[in-house]
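Since we're looking at a predicted model, the values are computed, not measured.
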Amino acid sequence: MKAVGYKKSLPIEDQDALIDFETAKPEPKGRDIRVAVKAISANPVDYKVRKRAAPPEGETKILGYDAAGIVDAVGPDVTLFKPGDEVFYAGSILRQGTNSEFHLVDERIVGNKPKSLSFAQAAALPLTSITAWELLFDRLGAVPGKSVDPRTLLITGGAGGVGSILIQLARRLTGLTVLATATRPESQKWCLDLGAHAVIDHGKPMKEQIESLRLPPVALVASLTFTDQHYKAIAEFMAPQGRFGLIDDPPEFAVSTFKGKAISVHWESMFTRSSFQTPDMIAQHHLLNDVSDLIDKGVLRTTLDQTFGTINAANLKRAHALLESGKSRGKIVLEGW
């Protein structure tokens with residue numbers, strides 16, 4: 001089968017940062033299904049792993065976590081899917097990735113692809129949907145249901161992949177006031193179009209901007225990017241006894257900043273369930289099916305922004321470069337071989 005991978009951790013400008021190669025088609029065992037990959041999307045985790053995790057000498061590591069495709073074969077213990085089923089998912093960080101024609105994934109972290117979406121549109125969704133859902137409901141404890149919630153949720157970096165789905169989930173499924181941050185006019189418009197009640201510029205002091213909006217107190221914060229640059233300022237205007245959630249890797253982060261207000265701090269990593277085979281691992285299967293239903297009912301929409309052509313090293317290098325620049329919006333998808 002065709003695949004895209006890397007042998008050494010190199011800058012994305014290097015011609016060997018990502019390479020096209022061929023490898024054996026994997027065989028499913030246990031609860032694994034084998035998926036014929038039709039479309040994938042790129043995420044910041046792809047370039048972060050590429051930069052810091054060189055494969056063993058002589059091996060080629062395949063990146064990629066998001067995928068949409070068709071079940072091609074199933075392991076002996078599979079009960080949720082059969083060959084021919086259309087699926088979407090975000091794979092495990094401990095296994096070979098989805099940038100390959102065929103891919104093995106545990107059925108417990110796979111969902112049924114939304115019927116109303118193409119493979120490309122569906123591939124944009126899994127990793128960010130799981131991250132946003134777990135962050136909003138499992139970590140920050142937001143209450144699903146449209147009853148009025150007298151609190152504001154602040155989402156820093158609202159135009160990125162996770163922010164683009166988190167804005168929708170919070171606006172459509174809760175009674176929270178949704179406040180996003182974005183610096184560029186086109187990114188601010190993107191956030192408003194997705195459902196944010198208001199948008200502020202995180203490149204300027206946030207406290208004054210928030211005060212001028214006269215919103216309910218900021219009791220929940222989803223810090224999606226540059227946490228180290230913003231968390232101290234956020235602690236100053238957050239409501240006492242609030243919840244601060246983050247997904248990035250801040251080089252500096254003093255949790256004691258939140259002690260005075262008894263603000264709890266929550267990490268979100270969507271790979272935790274699959275990495276540790278947690279007893280509730282199948283929750284991601286149910287979660288993705290819920291997202292699929294919400295898409296098909298018109299409650300949520302895909303966050304696909306750009307399609308970069310077929311799945312190959314050259315196009316993936318373009319995707320990595322744009323993600324590394326920090327100027328991407330929504331999701332970048334590649335489709336077909």
Query - Derivation and outcome, side chain to side chain contact (heavy atoms under 4.5 Å, CB included), residues M281 and R31 - result: CA-CA 12 Å; M281 183 171 159; R31 298 194 72 172; over 6 Å; no
Charged N to carboxylate O below 4.0 Å: is that the case for [X] and [Y]?
| X | Y | answer |
| --- | --- | --- |
| K48 | D249 | yes |
| D32 | K29 | no |
| K189 | D193 | yes |
| D20 | K2 | no |
| K115 | D296 | no |

Please give me the minimum heavy-atom distance between [X] and [Y], naming the atom from each residue.
| X | Y | answer |
| --- | --- | --- |
| S164 | W190 | OG-NE1, 2.8 Å |
| V37 | I311 | CG1-CD1, 4.5 Å |
| T183 | G203 | CG2-N, 3.8 Å |
| P216 | P150 | CB-O, 3.7 Å |
| T225 | H230 | O-CD2, 4.1 Å |
| Q96 | I62 | OE1-N, 2.8 Å |

Drop me the distance from [X]'s [atom1] to [Y]'s [atom2], to the nearest 0.5 angstrom.
| X | Y | atom1 | atom2 | result |
| --- | --- | --- | --- | --- |
| I130 | Y89 | CD1 | OH | 11.5 Å |
| L224 | E268 | CG | CD | 10.5 Å |
| T181 | H202 | OG1 | NE2 | 4.5 Å |
| S223 | W267 | OG | CH2 | 9.0 Å |
| L316 | L334 | CG | CG | 5.0 Å |
| R151 | L154 | CZ | CG | 13.5 Å |

Got a donor-acceptor contact below 3.5 angstrom from the [X] side chain to the [Y] backbone?
| X | Y | value |
| --- | --- | --- |
| T310 | E335 | no |
| S274 | S92 | no |
| K261 | A235 | yes |
| H197 | V178 | yes |
| K38 | E101 | no |
| T98 | I40 | no |

If you count heavy atoms of other groups shown closer than 6.0 angstrom to [atom1] of [X], is the number above 12?
| X | atom1 | answer |
| --- | --- | --- |
| F21 | CZ | yes |
| Q15 | CD | no |
| E208 | CD | yes |
| K204 | NZ | no |

Give a yes or no on whether [X] and [Y] share a hydrophobic cluster (residues Ile, Leu, Val, Met, Phe, Trp, Tyr; joining criterion: side-chain heavy atoms under 4.5 Å apart).
| X | Y | result |
| --- | --- | --- |
| I247 | V265 | no |
| V162 | V49 | yes |
| V218 | L140 | no |

Report task. Mind running side chain to side chain contact (heavy atoms under 4.5 Å, CB included) on F119 and E86 for me, showing each step along the way? Result -> CA-CA 9 Å; F119 285 109; E86 296 185 351; 3.7 Å; yes
Are any non-hydrogen side-chain atoms of [X] and [Y] less than 4.5 angstrom apart?
| X | Y | answer |
| --- | --- | --- |
| S275 | I93 | yes |
| L213 | I200 | yes |
| V78 | V71 | no |
| V110 | L288 | no |
| V105 | I33 | yes |
| L18 | I12 | yes |
| K327 | R184 | yes |
| R108 | Q277 | yes |

Query raised in the report: Just one of L215, L220, L176, I210 clears the side-chain contact (heavy atoms from CB on, under 4.5 Å) bar with T152, so which one?
Result: L215
Query raised in the report: With a 6.0 Å cut-off on ring centres, are F81 and H285 close enough?
Result: yes
Query - Check: H320 ring centroid to Y6 ring centroid under 6.0 Å - result: no
Report task. Take E27 and R34 through the test salt bridge (charged side-chain N to carboxylate O under 4.0 Å, His left out) and record every step on the way to the result. Result -> CA-CA 7 Å; E27 294 299 325; R34 186 172 68 199; 3.4 Å; yes
**Report entry** Derivation and outcome, salt bridge (charged side-chain N to carboxylate O under 4.0 Å, His left out), residues D66 and K331
**Finding:** CA-CA 11 Å; D66 275 331; K331 294 300 296 291; 2.9 Å; yes
For residues [X] and [Y], is any side-chain donor paired with an opposing acceptor at under 3.5 Å?
| X | Y | value |
| --- | --- | --- |
| E252 | Y231 | yes |
| D248 | T227 | yes |
| T60 | K7 | yes |

Report task. Walk me through it: do L173 and Q168 pass the test side chain to side chain contact (heavy atoms under 4.5 Å, CB included)? Result -> CA-CA 8 Å; L173 303 184; Q168 296 184 71; over 6 Å; no
Report task. Determine, step by step, whether D305 and S328 satisfy the side chain to side chain contact (heavy atoms under 4.5 Å, CB included) criterion, reporting the C-alpha distance in whole Å, the side-chain angles of both residues, the deciding distance to 0.1 Å, and the verdict. Result -> CA-CA 9 Å; D305 184 52; S328 63; over 6 Å; no
Query raised in the report: Is it true that the NZ or CZ of K25 lies under 6.0 Å from the centre of F102's six-membered ring and within 45 degrees of the ring axis?
Result: yes
